[in-house]
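The structure under discussion appears below in the form of structure tokens.
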Amino acid sequence: MTAHHTAVLGRNLTDPSRAAHEKDLEAGLKPPVFDQIVIPEEFGPVDLLVDDLKVKRFAFSQDDHGDWYLRAGPDGPRIGHAALLANDLLQLFTLKYAASQVVGLHTEEELWFDRPVLVGQRVRLTGRYVDTYERRGQGYVVMEADARDEEGRTLVRHRGVEIMRTTPGEVAGRGSAGPATGRRAGDDFDTSLPLAERLGGNALPGMGLEPLRKEITFEQMAVFSRIGEFVTNIHDNLATARAGGLPLPIVQGQQLVCYVSELLTRAFGAEWFRTGWLHVKFLRPVSAFDRIEAAGAVREVERDGSRTRIGLDVWVRRGDGTLAAVGWARGEVPTRRPKHAILPFAGIM
């Protein structure tokens with residue numbers, strides 16, 4: 001094993017300061033191609049420190065500067081964004097595969113949120129390849145990973161599907177919104193009901209969420225996609241994107257997932273960090289400088305005494321109105337929801 005594969009304690013998966021004395025930061029790593037995959041294949045463990053800069057960096061990349069992340073959480077201590085570690089989990093495979101040679105496509109993402117991540121906390125990430133398959137001439141790999149606190153309790157769990165090596169400009173747009181939970185995701189809602197910014201026990205099926213709108217800059221994309229670790233890819237480099245048949249760098253699918261998680265944090269409040277589940281399929285790429293709109297609609301409401309479980313369809317639209325991603329989400333709220341600690345950017349008293 002090389003130094004790339006050993007556990008580190010920093011804010012990144014790898015230590016970019018190695019560039020001061022190492023010529024090739026990816027020396028000894030495998031090429032990221034389908035026939036190099038081993039099932040099962042383990043990644044990590046890697047220890048990360050969720051420090052102030054890691055949280056502020058994510059806040060910049062997502063344009064999400066909520067009070068819970070920069071000042072104080074709903075229970076006192078500062079917390080990280082719900083999806084703060086999502087890209088670290090997705091990228092764990094690059095501990096053994098050369099990240100700057102990756103020219104693939106993330107096609108599907110599933111996240112479970114079990115506990116909030118505290119600022120200043122040490123977390124341990126582990127992952128594994130669990131399956132491969134071929135479809136339409138493309139090789140897919142399935143990865144599972146999780147982040148745990150120092151007591152071994154899970155914070156966030158990840159399951160993702162990715163095309164390991166392809167020409168993104170040729171494959172992008174083939175995605176399907178087909179069933180993953182037994183029901184096809186839709187982007188419609190009942191226009192006779194008011195749009196909801198936050199959800200409570202009075203949620204109704206058909207109720208739409210107030211959309212979350214973002215303009216995505218190239219700088220935000222590059223920071224999210226690990227330019228700080230000197231990783232070159234179709235998300236942070238124009239030449240690499242064009243070599244992959246794309247006119248511009250495209251937004252990493254996981255970054256879109258994080259926008260949806262922000263939408264759902266706003267809707268469920270603190271409960272999203274403990275009960276949230278999100279499953280997204282990617283349909284079309286979003287290019288640098290585009291605007292997106294993340295939205296959703298309530299599909300199922302199940303009241304059980306003091307708790308209410310709410311299921312939704314969620315989606316992301318590109319600036320031209322076409323769908324970039326669709327999916328499913330679920331979370332819980334108190335049936336009689338308190339009026340405090342609802343919006344992470346509203347100020348907690």
Side-chain angles (χ1 to χ4, degrees), residues 50 55 58-59 62-86 111-119 121 147 149 153-157 189 193-214 257-280 293-316 327-349:
V50 181
V55 173
F58 188 87
Q62 299 302 118
D63 191 23
D64 183 6
H65 303 274
D67 282 353
W68 288 358
Y69 319 128
L70 303 180
R71 295 176 181 85
D75 299 317
R78 282 176 62 194
I79 62 175
H81 305 69
L84 175 69
L85 300 175
L111 291 169
W112 294 261
F113 301 100
D114 296 329
R115 288 176 179 81
V117 179
L118 303 180
V119 177
Q121 188 174 32
D149 64 16
R153 299 173 300 184
T154 58
L155 303 168
V156 184
R157 290 172 285 145
F189 56 90
L193 296 173
L195 292 174
E197 192 169 62
R198 49 199 173 191
L199 297 171
N202 60 348
L204 297 172
M207 179 180 288
L209 295 183
E210 184 71 39
L212 177 73
R213 298 180 176 90
K214 300 280 186 175
V257 169
C258 293
Y259 291 129
V260 177
S261 179
E262 179 185 349
L263 171 80
L264 296 167
T265 300
R266 188 179 71 182
F268 286 96
E271 297 295 328
W272 180 248
F273 296 81
R274 306 180 184 100
T275 68
W277 168 78
L278 177 60
H279 188 169
V280 175
E293 178 181 281
V298 175
R299 298 297 184 222
E300 301 165 350
V301 178
E302 181 183 339
R303 296 177 180 86
D304 183 11
S306 64
R307 305 290 295 175
T308 296
R309 184 178 297 107
I310 303 172
L312 306 96
D313 288 350
V314 293
W315 58 89
V316 178
W328 306 261
R330 183 176 59 246
E332 295 182 14
V333 294
T335 299
R336 293 188 176 184
R337 185 172 186 177
K339 293 183 179 179
H340 68 281
I342 289 180
L343 298 180
F345 46 83
I348 307 300
M349 300 300 292

Query raised in the report: Ala203 and Arg303: which non-hydrogen atoms are nearest, and at how many Å?
Result: O-NH2, 2.9 Å
Query raised in the report: Does one side chain, of Thr335 or Ser306, offer a donor that lies under 3.5 Å from an acceptor on the other?
Result: no
Query raised in the report: Within a strict 4.5 Å, meaning less than it, do heavy atoms of the Phe58 and Cys258 side chains meet?
Result: yes
Report summary line: Nearest heavy-atom approach of Pro77 to Leu118 is CB-CD2, 4.5 Å
Query raised in the report: Hey, is Glu262 close enough to Lys214 for a salt bridge, meaning N to O under 4.0 Å?
Result: yes
Requested in this report: Tell me, with the steps shown, if Glu197 and Leu195 meet side chain to side chain contact (heavy atoms under 4.5 Å, CB included).
Outcome: CA-CA 7 Å; Glu197 192 169 62; Leu195 292 174; over 6 Å; no
Report task. I would like to know whether Leu199 and Leu209 meet side chain to side chain contact (heavy atoms under 4.5 Å, CB included); could you show each step before the answer? Result -> CA-CA 9 Å; Leu199 297 171; Leu209 295 183; 3.9 Å; yes
Report summary line: For Ala82 and Val156, the nearest pair of non-hydrogen atoms, with its separation, is O-CG2, 4.0 Å
Query raised in the report: Okay, side chain of Ser261, backbone of Val257: is any donor-acceptor separation there less than 3.5 Å?
Result: no
Query raised in the report: Should Phe113 and Leu264 be marked as a side chain to side chain contact (heavy atoms under 4.5 Å, CB included) after you check the CA-CA gap, both sets of side-chain angles, and the distance that decides it?
Result: CA-CA 12 Å; Phe113 301 100; Leu264 296 167; over 6 Å; no
Query raised in the report: What's the shortest heavy-atom distance between Trp272 and Ala329, and which atoms?
Result: CH2-CB, 4.4 Å
Query raised in the report: Which class fits the ring pair His279 and Trp277: parallel under 30°, tilted 30 to 60°, perpendicular over 60°?
Result: perpendicular
Requested in this report: Classify the ring geometry between Phe273 and Tyr69 as parallel (under 30°), tilted (30 to 60°) or perpendicular (over 60°).
Outcome: tilted
Report task. Calculate, to the nearest 0.5 Å, the distance between atoms CZ and CD1 belonging to Arg115 and Ile79 respectively. Result -> 14.0 Å
Report task. To the nearest 0.5 angstrom, please state how far the CZ atom of Arg307 sits from the CD atom of Glu271. Result -> 4.0 Å
Query raised in the report: Where is the tightest heavy-atom contact between Pro205 and Val301, given as atom of each residue plus distance?
Result: CD-CG2, 3.9 Å
Report task. Drop me the distance from Ile310's CD1 to Glu332's CD, to the nearest 0.5 angstrom. Result -> 9.5 Å
Report summary line: Taking every heavy atom of Val333 against every heavy atom of Gly201, the minimum-distance pair comes out as CG2-N, 4.0 Å
Report summary line: When Leu263, Thr265, Val316 are each screened for side chain to side chain contact (heavy atoms under 4.5 Å, CB included) with Leu212, the one that passes is Leu263
Query raised in the report: For Gln121, what residues pass the side-chain hydrogen bond (donor to acceptor under 3.5 Å, both in side chains) criterion, not counting sequence neighbours?
Result: none
Query raised in the report: Between NE2 of His81 and NE2 of His65, what distance do you get to the nearest 0.5 Å?
Result: 7.5 Å
Query raised in the report: CG/Asp114 to CZ/Arg153 distance, rounded to the nearest 0.5 angstrom?
Result: 11.0 Å
Query raised in the report: Passes side chain to side chain contact (heavy atoms under 4.5 Å, CB included), Phe189 versus Met207? Steps please.
Result: CA-CA 6 Å; Phe189 56 90; Met207 179 180 288; over 6 Å; no
Query raised in the report: Rounded to the nearest 0.5 Å, how far does CD of Glu300 lie from CG of Asp313?
Result: 8.5 Å
